[in-house]
Amino acid sequence: MKKWIALLLVAALAWIAAPEPASAGLPYRTFYYDSNQSDWFRIQPIYTPAGAYNADFQEPADLQAGPDGSIYVADKKLDRIVVLRKDGSLDRRIGEEEGPGSLSSPEGVFAAPDGSVYVADSGNQRIAVFGTDGKFRREYKKPDSPLLGTEHFVPVKLAVDRRGVMYIALNSSYQGLVRLSPDGEFMGYFGANKADTSMLNWLKKLILNKEQLSKEKAALPKPIANVAIDGDGFIYTATAGGEGKGAVRKLNAGGVDAFKNKTLVNGNGIVDAALDDEGFLYDVDTDSGFITLYDRSAEALFAFGAVDKETQQYGIVGYPTAIGVDSEHAVWVADSATKTVHKFVRTEFGREALKAMALYADGRYEESKPYWDAVYARNDMFNATFQGLGKVYLHEGDNRRALSFMRTAFDTDGYSKAFWQIRLDWLQNRFVLLFAGIAALLLLLRYGRKGIKRLLRRHPLPEKWSRPLGHLRHFGSVMIHPYEGFYRLKETRIPAWITLTLLAAVLAVKLARIYWTGFLFHPVDLADVNLPSELGLFILPWATWIIANYLVCSVRDGEGRFREVVQGSTYALAPYLFLSIPILILSNIVTLDEKVLVASLTTVTAIWLGVLFIVMTQVIHNFDFVETIKNSAVTVFAIGTIWLFGFIIFGLSYNLLDFFQELYKEVNFHP
Amino acid sequence: MLLGREGATAAETLARLGIDAAPPASAAVAQGELWQPVPEADGYALAAQTDAYGLYVRPDNGGIAVLDRRSGYRWTSSPTREELAKEKVKGLLLSNLQSAFVLTYVRSKGADQTIRESVNSLSPGVRTTIVKDGDGIQASYSFPDKKLGVTIRYSLTEAGLKVSVPAAGIVEDGDYAAFSLDLLPYFGAAAASDDGYLFVPDGPGGLIRFNAPRAGISKGYLHEVYGAELTNSANWTRDAGMREDIAYPVFGLKKGDQAFVAVLAKGEGAAQIAAMPPGIKSSLYNVYSSQMYREEYLYRMSRLAAPTKAVQKQRLDFDREVEYRFLSGQKADYSGMAESYRDYLIAAGSLGKPLQPAEHVPLYLKIMGGNYEKAFGRVRYVAATTFAQAGEMMRSLRSKGVAASKVAFYGWQNMGDYDMEKRFPIESSLGGESAAKAFIGEMKAAGTDVSFYEDFLWVDGHSSASGKSGAVRAIDGTAFIDEGWFMAKPSFTAASAAAAVDRLKKLGVSGILYSGLGDTTFNDYEPSGILSRGYTSRVYAGLLSYTRKELGSAGVFRGNAYTLSQADYISSLPSESSYDFLIDETVPFYPMVLHGYVPYTFGEGNLRDDERKEFLRAIEYGAMPSFMVTHDDSRKLKESASNFLYSSRFDKWEGRIVEEYGQFDSLAGLFARRITAHEKLSADRYATTYEDGTRVIVDYAAGSFSVEKGGGA
């Protein structure tokens, strides 16, 4: 059974073999990313290794799956472009002939749809172009432009658009891609990364003087590591570092990033990115060690493979330099450590899952249904299926089913849409009934109150009930007339049991909010709710507020006694108790379109609470307004201090505990 | 003293269960007369002879040769002089090529105790003593400057050559300690231009062809038999790639129409099997066993300190023996090797009785009852299949034509895997003992055996059992506890398993499917003396035998060779390679050894990575049909440790089970037959031949298989 536990290991730990007997199957694991839960889960393989091909490579530096179905590989050490067939066998070589077409340390290759092959011929500081026949056609040297200045023209990667405009990444250039016209004219820089604007740099600018600043390393934009182009002419740049922020950017002709500098999961160590004809994005990342698939908006879908420089197994790449996807969706990875090109092919399950996802992305929900069904038949743990099928059911008008599938997938958007429909149907069917119900309720409120009053007049409650009832009623009136309410509260001594009852009622409301808030506003698995910590985090701030408020105010000549602070702080919770009820009800009947209702009520509650606590401080301690604000601020600061202190105590005692535990183990288990 | 359950000592526990874990008697070092023959022109002298073979030894350095007297072919421990002349390596590597062994040692005193150095029979200062010892020859080498010594004994058997290294022959009198011994490293070594292959025990069997182009080889094949040591944390963060552990201690070589298969007969748990392509240690292909005497490990002084490397102090002190079995002509291929290994196992009593022919093949059906999950702040059991539902499922299968089946029931323990030492009473949400009894009784009446699945190796932190006395000692001397789970000592496992067997017997359970016993073995590094993997294996085999005696049957996973004589069923037998660059072809060596003796299955039919390929692989390799199902949606188990079951709902799979069973059952006539040959007909077509002449031809491109009937099918 122990080995099953290991299946739960998250992606980051996947390559650390747990102490378990190794067994069966592929040398790597496959995971899917659940964006609704922001977590990786294991799944059966999407891709399997098909082989690692060695056409006498010495240093495969770049790779592209050409439009003709061949695989183009730039061999930097042997100064040539090698073309492989789809089965990995050698087709031909380019750039070996002596003469003007001879290459020197080529680091990038691009096969254009017209059959010509563009090579970033780094050693010769040029772009070399070869024809369909493999014959050298022309070259592009450094264009004559003052804008390029003294920068060395060492092209390393490139992409060419339909018009023949070249987008060239120069060796460690931070200025972006060089754009060259088909005539070789410089058309400006394109798509430079943003400079690093970290907190640290901002702080440095604030603190350091000019002289010191000039000694600091300039915060230059990161160089673009690789470049790709899709069928619609979007340019994709790959940039490593920055925890995946802007790791892949999708640039239109104007250089605007359609991904909006998005943080790419598994993007920190990105080497290269590629696209397939269905719009899926693939990257290979040395940091996480995965080949990752993304959807059209760069949300991670699947991760597989592994990176290990000592690799001796198919499917594990040593030092990846480039990635490509061919027309059959096979993934190719150039690997300079093993001097090979790895090929991965889709499994049947992978084909079905990705086909379903592609149709889903196109909005062709009806067509995607058989694929989702096939995926569901092979895996009922995969959450994307529920989202996909949920959407299908939504389109079919099967809203109840859609609702349950969306809920399973934790897809709040889809859930909201299905819920909107169901609510509409419900309202349409029961409009009269609903109307009658509301009318009846209003009447009941109007006449019921009168009735109760009359009843009380006829049978008055016992005398000893009147005071406690007054205290309870007071809880409501504090909310509406805070000054008056707290003055009266200051004068009265509320019995402890009343205070406790009120606190219990507040806690009960908190519980109700945890368990009964509508799914749309609390999309979590209720079974996973950690009740003690939820309640603790609710009570702790309130309790520290009382202590801090009492301590601070008694030092600063506040009049309030401890009992009064407790009383006041309890009564100040009234808005939470009363407003939670409409929030709870609304959260169960509104959709995301009307979420502003719930959000604004929540905000009102928060403001109201704040006001009550400040008024309470002022009244109980008999401060003037400015004093109150000051002392409240000091109280908040004191709360922070108490917490910090608590953390330190906890941390220290944890270390001490750990020490004793180790000692115990040493004594007991060590011979 | 080691304590088992209820204060009984380990020895008492084992005695009560009738398990004999005593190690075989160690061989003594012979003190015979010096052997001083007159060598022939090539330097060798005849040392022993049988009808089939002649053993030749070089008196000067102990190099050996075996003459196959029927074919006239001579196997040598070193390449010929001409081959050596072509060799590009120099120094130690060149002298290793001419030696019958390479002894690697470390310092046992002072600094740098992890630096490894090697000596061989050509090292300067070596003293070689060869004595005649009964039917064989014993060569002792001593290295006076290091006060190290090793003794190797050669003798002829009916099938070939037996090479042994007695523990008593290891001498460590100085500041040096033996680390490993490469035995006959270049025996039969072949050049890339030769025709043939190396055979290594990767997955079901792996071939390394001599003339194949391949990519990026920087290391050879070097892996420990039965997997790396579990308690050595240096083994956890090994290469990124997961791999298939070695299940059977065998390697081989085929060159032209000659071949050998070598079986590690003694001390195989402390050996690595090595296969080297040209360019790593020489320009030849060679395959051999590397006997381990000590292991390097990582240990931590405290949780904060970085781990340090160290080499274990105690030696793995037991005899080693490798038997080389020679094959020639028609038999000189992997099919012949499998046959020869099977003959070896039968002669050694390590393979059970042949199976009886059956009218129908059994469907091995695993049923997951359920498991525990944590929800709403507590632990609760999630039932996926009750005993009553299991009964319904089985009735449905039978009515649809599944004529024979065997059931293994999972998750029957009280709260599933929670508190693993508290197994009883049987989980009430599944129906409890009465429902279990009813289900088992009904199945028995219909001829279906019901086994229960259980793991008795790993014990969780919720159980009352104490890791202090129950856990195996790790290589660094501490009790081995990982994230709260501890690995039980073999005697602890035996005691708790026997207790469960005794209770399950009353329910009528007909066997246990054991996790761990067939796929995990380890050394217990007791300070008073290492209890070796051999001990662990003997206890496990004894437990299997006890289970068989009490309940009727015992099943294991992977099927490590030491369980073969006591297992009625092997689940998850290796069927896939480890995807090594080095291995060019995967062949059904192990299935060929087992077929007709122990039924086996591969991965579950509903959890395959590639449905069609794995189904055909099972047909090609002679496996039985196997599925793992639940009555309810497997999604119910998402939050439990059983969430590896990503698709198992019975009504989703029933059609497929019935259809697949039909296909397997069409081969029912072969159930008890041996496989005699296997060959690759073309890129996608393979043929498996059974002893009655029936051929099963599998075509991966067409996705189908066909049967050519032989005499008896």
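Here is how names work: the chains are called A, B, and so on, in the same order as the sequence lines, proteins then strands, and each is numbered from 1. Atoms considered below: every heavy atom in the structure, side chains included; atoms not considered: hydrogens, waters and symmetry mates. In this text, all values refer to a predicted model and were calculated from it rather than measured experimentally.
Contacts with chain B were tallied for G289(A), A377(A), G350(A), P49(A); A377(A) has the most, counting heavy-atom pairs under 4.5 Å. No other option in W653(B), F376(B), F602(B) has as many heavy-atom pairs under 4.5 Å with chain A as F376(B). With chain B as partner, the option from G51(A), G318(A), A527(A), P532(A) having the largest number of non-hydrogen pairs under 4.5 angstrom is A527(A).
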For side chain to side chain contact (heavy atoms under 4.5 Å, CB included), just list the numbers for I43(A) and Y646(B), CA-CA rounded to whole Å, side-chain angles, deciding distance to a tenth of an Å, and then say yes or no. CA-CA 8 Å; I43(A) 193 168; Y646(B) 42 71; over 6 Å; no
Taking it one step at a time, do R29(A) and M242(B) satisfy side chain to side chain contact (heavy atoms under 4.5 Å, CB included)? CA-CA 9 Å; R29(A) 290 179 172 145; M242(B) 300 176 287; 3.4 Å; yes
Could you go through the side-chain hydrogen bond (donor to acceptor under 3.5 Å, both in side chains) check for S647(B) and D380(A) one step at a time? CA-CA 6 Å; S647(B) 179; D380(A) 45 31; 4.9 Å; no
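The distance from atom CG of L607(B) to atom CZ of R378(A), rounded to the nearest 0.5 Å, is 8.0 Å. A distance of 8.0 Å separates CG of D609(B) from OG1 of T30(A), quoted to the nearest 0.5 Å. Taking CZ from R635(B) and OH from Y376(A), the interatomic distance works out to 8.0 Å, rounded to the nearest 0.5 Å. Atom CD in E611(B) sits 6.5 Å away from atom CD in E348(A) (nearest 0.5 Å).
Contact residues of residues 381-389 of chain A toward chain B are M381(A), F382(A), N383(A), F386(A) (heavy-atom distance under 4.5 Å).
Within a 6.0 Å sphere centred on OH of Y515(A), heavy atoms belonging to other residues, nucleotides or ligands number more than 12.
Residue contact with chain A, scored on non-hydrogen atoms closer than 4.5 Å, is absent for D460(B). For L645(B), the part sitting under 4.5 Å from any heavy atom of chain A is the backbone (N, CA, C, O) and nothing else. Proximity to chain A (any heavy atom under 4.5 Å) is shown, for D610(B), by neither the backbone nor the side chain. S572(B) does not touch chain A: none of its heavy atoms, backbone or side chain, sits under 4.5 Å away. When heavy atoms are compared at a cutoff of 4.5 Å, T408(A) approaches chain B by way of both its backbone and its side chain. Neither the backbone nor the side chain of N530(A) comes within contact range of chain B, judged by heavy atoms closer than 4.5 Å.
Note on ring orientation: taking the six-membered ring where Trp is involved, the planes of F581(B) and Y314(A) are perpendicular (angle over 60°, cut-offs 30° and 60°).
W332(A) meets the side-chain hydrogen bond (donor to acceptor under 3.5 Å, both in side chains) test with D326(A); sequence neighbours excluded.
At distances below 3.5 Å, not a single donor-acceptor pair connects side-chain atoms of K374(B) with backbone N or O atoms of D528(A).
Q44(A) has its side chain out of reach of R608(B): every pair of non-hydrogen atoms, C-beta onward, lies at least 4.5 Å apart. With contacts defined as side-chain heavy-atom distances shorter than 4.5 Å, the pair Q313(A)/S578(B) qualifies.
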